[in-house]
Undergrad: 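Mind looking over this structure? Questions follow.
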Amino acid sequence: MDYSFPKSGKLCGKMRIDAFYRQGKRFVSWPLRVTYLPSDEATEVLVWAPKSLFKRAYKRNRLRRLMREAYRLHQHELEGNWLLALNYMDKEELPYAVVEKAVCKAIKKMNSERVKE
RNA sequence: AUAGUAAGUCGGUCUGUCGCGCCGGUUAGGAAGAAAAAGGUACGCCUUUUAAUCCCCAUCGGUGAGGAAAGUCCGAGCAUCAUAGAGCACCACAGCGGUUAACGGCCGUCAGGCAGCAAUGUUUGGUCCCUGCUACAGAGACGAGAAAGGUGAAACGAGCACACUGUGGGAUGCAAUUCCAUGUAAACCGACGUCUGAGCGCUGCUCGCGCGAGUUGGAGGGUAGGAAGCGAAGAAGGACGUGGUAACACGCCGCUCAAGAUUAAUGACAGACACCCGUAAGGGCACAGAACUCGGCUUAUAGACUUGCUAUAUUU
RNA sequence: GCGGUGUUAGCACAUCGGUAGUGCAUCGGCUUCCCAAGCCGAGGAGGCGGGUUCGAUUCCCGUACACCGCU
C-alpha cells in the first residue's frame with residue numbers, strides 16, 4: 001500500500017488555486033469543508049486552517065498536519081482524479097480521531113459523486 | 001534552614017510504524033539538442049551515432065524551528081532613487097563618564113521622588129535669553145510699587161513646553177532591486193502645455209541644477225508565471241590568557257557552526273523513561289512555528305539548576 | 001513579509017493639558033380624543049495597565065482588539 005504524499009500530489013500556484021476556488025463545488029464533512037473539482041491529470045490536494053479562527057501559527061500548523069496525515073493514510077480509498085481542498089472550520093482544536101473520521105466520510109462522499117457523473 | 005533579591009544557564013530523552021523539504025551519490029528511463037562524424041538531398045534541409053546539460057522514478061547517505069522564531073519598538077548590513085547640491089520645515093535623543101559597526105541598547109556613577117527592616121527595585125534629570133501657557137480659588141498669575149496675612153501646585157522667585165540650546169538623521173524598503181517570459185493598441189470625454197516651459201528627475205516646502213514636447217484625470221481593458229536577491233566563514237559562538245570595577249577590548253586555539261520553504265518542509269500515531277501533584281487509583285508536563293540577514297528592546301512562558309547579596313531563627 | 005490608522009454614551013461623530021459636548025435612540029412630562037411631529041427635562045461614556053504634570057480623553061511607554069495599503 002502506498003502511503004507516500006510527495007509534492008506532486010499537492011495543489012500549488014496562486015493562480016491555479018484562485019481559479020479552483022471560483023469553479024469548485026463544495027460540501028461539509030464536519031469539522032471540514034471540502035471543495036472539489038474533477039481533474040484530467042493526477043489528484044492534487046490542498047489543506048489549510050483559517051487564520052481568522054486560529055490566531056496562533058502553531059495551532060494552524062498542527063491542524064494542517066492532522067488533516068494531511070489523515071488524507072495520506074486513506075488516499076488509496078479515493079477513486080478517480082480530483083482537485084481537492086480540505087479546510088478546517090470548527091473553532092475548537094479537535095483530536096486526530098475526529099479529523100480522521102471526517103476525512104473518511106469525505107472520501108466516501110467523493111466516490112459516490114463520481115458514480116453520479 | 002526559611003523567606004527574599006540580583007545576575008546567569010537550560011527549557012525534555014529514547015524506541016517502533018508510516019511520511020515531508022533541501023543537498024549529495026548510484027542505477028534505470030525520458031526530454032531537449034550544442035558540437036563533431038557518416039549517409040541522403042529537390043540545396044531549404046533530413047536521417048543516424050556519440051553525448052555536456054536538464055527533468056523524473058527508484059534507492060542509499062547527510063541535514064532540517066526558537067529563547068523568545070512573536071510584537072515590529074529602535075539600530076545596522078544590503079538594494080534602488082541623480083558621479084548636484086543648499087536652506088527651511090519635520091523627527092529623535094538629553095545629569096556625568098564609558099562601551100559598540102550602530103542604537104533610544106548595555107556598563108559604571110551622581111542627585112531627587114516612591115516601595116521595602118534590608119539586599120534591592122522603580123522613576124525623573126540640558127536651558128528659561130526669546131515665544132507661549134499656568135483653569136478654579138485669589139485684590140493680583142508673569143503684566144505690574146513693596147511687605148504682612150490669606151488663596152493657590154506656584155505670589156515675584158518660579159514651574160512647564162508648543163519655546164530655546166546642543167548632537168544626530170536624504171527618502172523608500174526584499175511586495176527593495178535585477179534578469180527571462182507575458183502584457184503594454186487605437187478611438188472617446190476633460191485639464192494643462194509646446195521655449196513667455198506643462199511635466200519629469202531625490203521624499204514635505206523653497207532655491208538651484210539637469211532633461212524636456214508632450215503630460216495628466218475619467219471611463220474601459222489587460223498582465224500578475226519563472227529565476228536571482230536567499231543560505232557554510234562572519235561586526236559569529238566557545239575555551240584559555242591579558243587589561244578594565246563593569247559593559248567590553250585585544251591576543252591565542254583547524255574547539256564549534258551546512259533549515260532555506262514559497263497555499264509554504266521540519267510531521268502523525270503508539271509505547272517507555274525522566275520531572276511535578278497525589279496515601280492510592282490516577283492526573284499533569286509551559287509559552288509557542290523560520291520567510292533576506294544581524295545587534296538590542298519589549299511582551300508570553302510550566303518547571304529545573306548555578307552563583308552573589310539581604311533579613312529572620314537555631315546550632316557550634 | 002513590510003508600512004500606516006483607529007478605539008469617547010446603545011449608534012454616528014466633536015473636544016489647543018483646565019467641569020467631556022452634538023445629533024439620532026431610550027425614559028419621564030407638556031401638547032392631542034389617540035398616534036406622529038414639536039417643546040421641556042432626565043439617565044448614560046474616554047479599550048486596558050503604568051508614567052510625566054498641581055491637573056491627562058489629550059503628552060509618553062506598554063498591552064489588547066479592529067481596520068486600511070503594498071505587485
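In this text, all values refer to a predicted model and were calculated from it rather than measured experimentally. Numbers restart at 1 for each chain; the letters A, B, ... are given by sequence-line order, proteins then strands.
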Undergrad: For A:Met89, what are the other residues in its hydrophobic cluster, where any two members join if their side-chain heavy atoms are less than 4.5 angstrom apart?
TA: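 When side chains under 4.5 Å apart are linked, the cluster holding A:Met89 also contains A:Val28.
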Undergrad: Send over the distance from A:Glu100 CD to B:G19 C1', rounded to a whole Å.
TA: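 After rounding, the gap between these two atoms is 15 Å.
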Undergrad: Of all residues at least two apart in sequence or in a different chain, which pass the side-chain contact (heavy atoms from CB on, under 4.5 Å) check with A:Pro6?
TA: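 Only A:Ser4, A:Ser8 meet the side-chain contact (heavy atoms from CB on, under 4.5 Å) criterion with A:Pro6.
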Undergrad: With a 3.5 Å limit on both atom pairs, tell me what B:C164 is paired to, counting Watson-Crick and G-U wobble, or say none.
TA: B:G126
Undergrad: Between C1' on B:A265 and CH2 on A:Trp48, what's the gap in Å once rounded to a whole number?
TA: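 Computing the A:Trp48:CH2 to B:A265:C1' distance gives 20 Å.
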Undergrad: Which base sits across from B:C78 as a Watson-Crick or G-U pair, both distances under 3.5 Å?
TA: B:G173
Undergrad: Using heavy atoms to find the nearest nucleotide of RNA chain B for A:Leu46 and A:Ser4 separately, return the residue whose nucleotide is more 5′.
TA: A:Ser4
Undergrad: With syn defined as a glycosidic angle within 90° of 0 and anti as the rest, where does B:G12 land?
TA: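 Here the answer is anti: the torsion falls beyond 90° from 0.
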Undergrad: Which nucleotide in the list B:C269, B:C18, B:U266 gets nearest to the side chain of A:Tyr96?
TA: B:C269
Undergrad: Which value, in whole Å, describes the distance between the C1' atoms of nucleotides B:C20 and B:U266?
TA: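 Roughly 8 Å separates the two C1' atoms.
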Undergrad: Would you mind pulling out the nucleotide paired to B:G64, Watson-Crick or G-U wobble, both distances under 3.5 Å?
TA: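 Looking at the geometry, B:G64 pairs with B:C20.
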Undergrad: Mind telling me if B:U47 is syn or anti? Syn here is a glycosidic angle within 90° of 0.
TA: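 That one's anti.
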Undergrad: I want to verify the glycosidic state of B:G244; is it syn or anti under the 90° rule?
TA: anti
Undergrad: Using the side chain to side chain donor-acceptor pair (under 3.5 Å) criterion, which residues pair with A:Arg64? Sequence neighbours excluded.
TA: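 In terms of side chain to side chain donor-acceptor pair (under 3.5 Å), with neighbours along the sequence ignored, A:Arg64 is linked to A:Asn61.
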Undergrad: In this structure, how many angstroms lie between the P atom of B:G267 and the CG atom of A:Leu73, rounded?
TA: 17 Å
Undergrad: Once Watson-Crick and G-U wobble pairs under 3.5 Å are found, how is RNA chain C written in dot-bracket notation, 5' to 3', with | for any base paired to another strand?
TA: (((((((..((((....[..)))).(((((.......)))))....(((((..]....)))))))))))).
Undergrad: Whom does B:G12 pair with, Watson-Crick or G-U wobble, provided both distances fall under 3.5 Å?
TA: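 Pairing partner: B:C273.
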Undergrad: From CE of A:Met67 over to P of B:C269, roughly how many Å is that when rounded to an integer?
TA: 14 Å
Undergrad: Nearest whole Å is fine: how far is B:C18 P from A:His74 NE2?
TA: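 Between P of B:C18 and NE2 of A:His74: 16 Å.
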Undergrad: Whether the side chain of A:Arg72 and the base of B:C18 hold a donor-acceptor pair under 3.5 Å is what I'd like checked.
TA: yes
Undergrad: Applying the Watson-Crick and G-U wobble criteria at under 3.5 Å, what pairs with B:A249? Answer none if nothing qualifies.
TA: B:U242
Undergrad: Would the distance check show the side chain of A:Thr35 and the main-chain N or O of A:Lys25 forming a donor-acceptor pair, the cut-off being under 3.5 Å?
TA: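 No, the answer is negative, given that no donor and acceptor are paired below the 3.5 Å cut-off.
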Undergrad: Across all strands shown, which nucleotide pairs with B:G214 by Watson-Crick or G-U wobble geometry, both distances under 3.5 Å?
TA: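 Across all strands, the one nucleotide that pairs with B:G214 is B:C192.
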Undergrad: Only pairs with both distances under 3.5 Å count, Watson-Crick or wobble alike; so what is the partner of B:A119 in this structure?
TA: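 WC or wobble partner does not exist here.
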Undergrad: Is there a Watson-Crick or G-U wobble partner for B:G237 with both distances under 3.5 Å, and which nucleotide is it?
TA: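 Partner of B:G237: B:C255.
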Undergrad: As a test of the definition: with a 90° window around 0 for syn, would you call B:G44 syn or anti?
TA: syn
Undergrad: Tabulate protein N/O versus nucleotide N/O from nucleotides 284-290 of chain B, keeping only pairs under 3.5 Å, one per line.
TA:
unit_1	atom_1	unit_2	atom_2	d
B:G289	OP2	A:Ala57	N	3.2
B:G289	OP2	A:Tyr58	N	3.3
B:G289	N7	A:Asn61	ND2	3.0
B:G289	O6	A:Arg65	NH1	3.3

Undergrad: In whole Å, what is the span from the CZ atom of A:Arg64 to the P atom of B:A264?
TA: 7 Å
Undergrad: Starting from P on B:U263, measure out to OH on A:Tyr71 and report it in whole angstrom.
TA: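 After rounding, the gap between these two atoms is 18 Å.
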Undergrad: For A:Phe27, give me all partners under ring pair (Phe, Tyr, Trp, His ring centres under 6.0 Å), at least two apart in sequence or on another chain.
TA: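 Only A:Tyr36 meet the ring pair (Phe, Tyr, Trp, His ring centres under 6.0 Å) criterion with A:Phe27.
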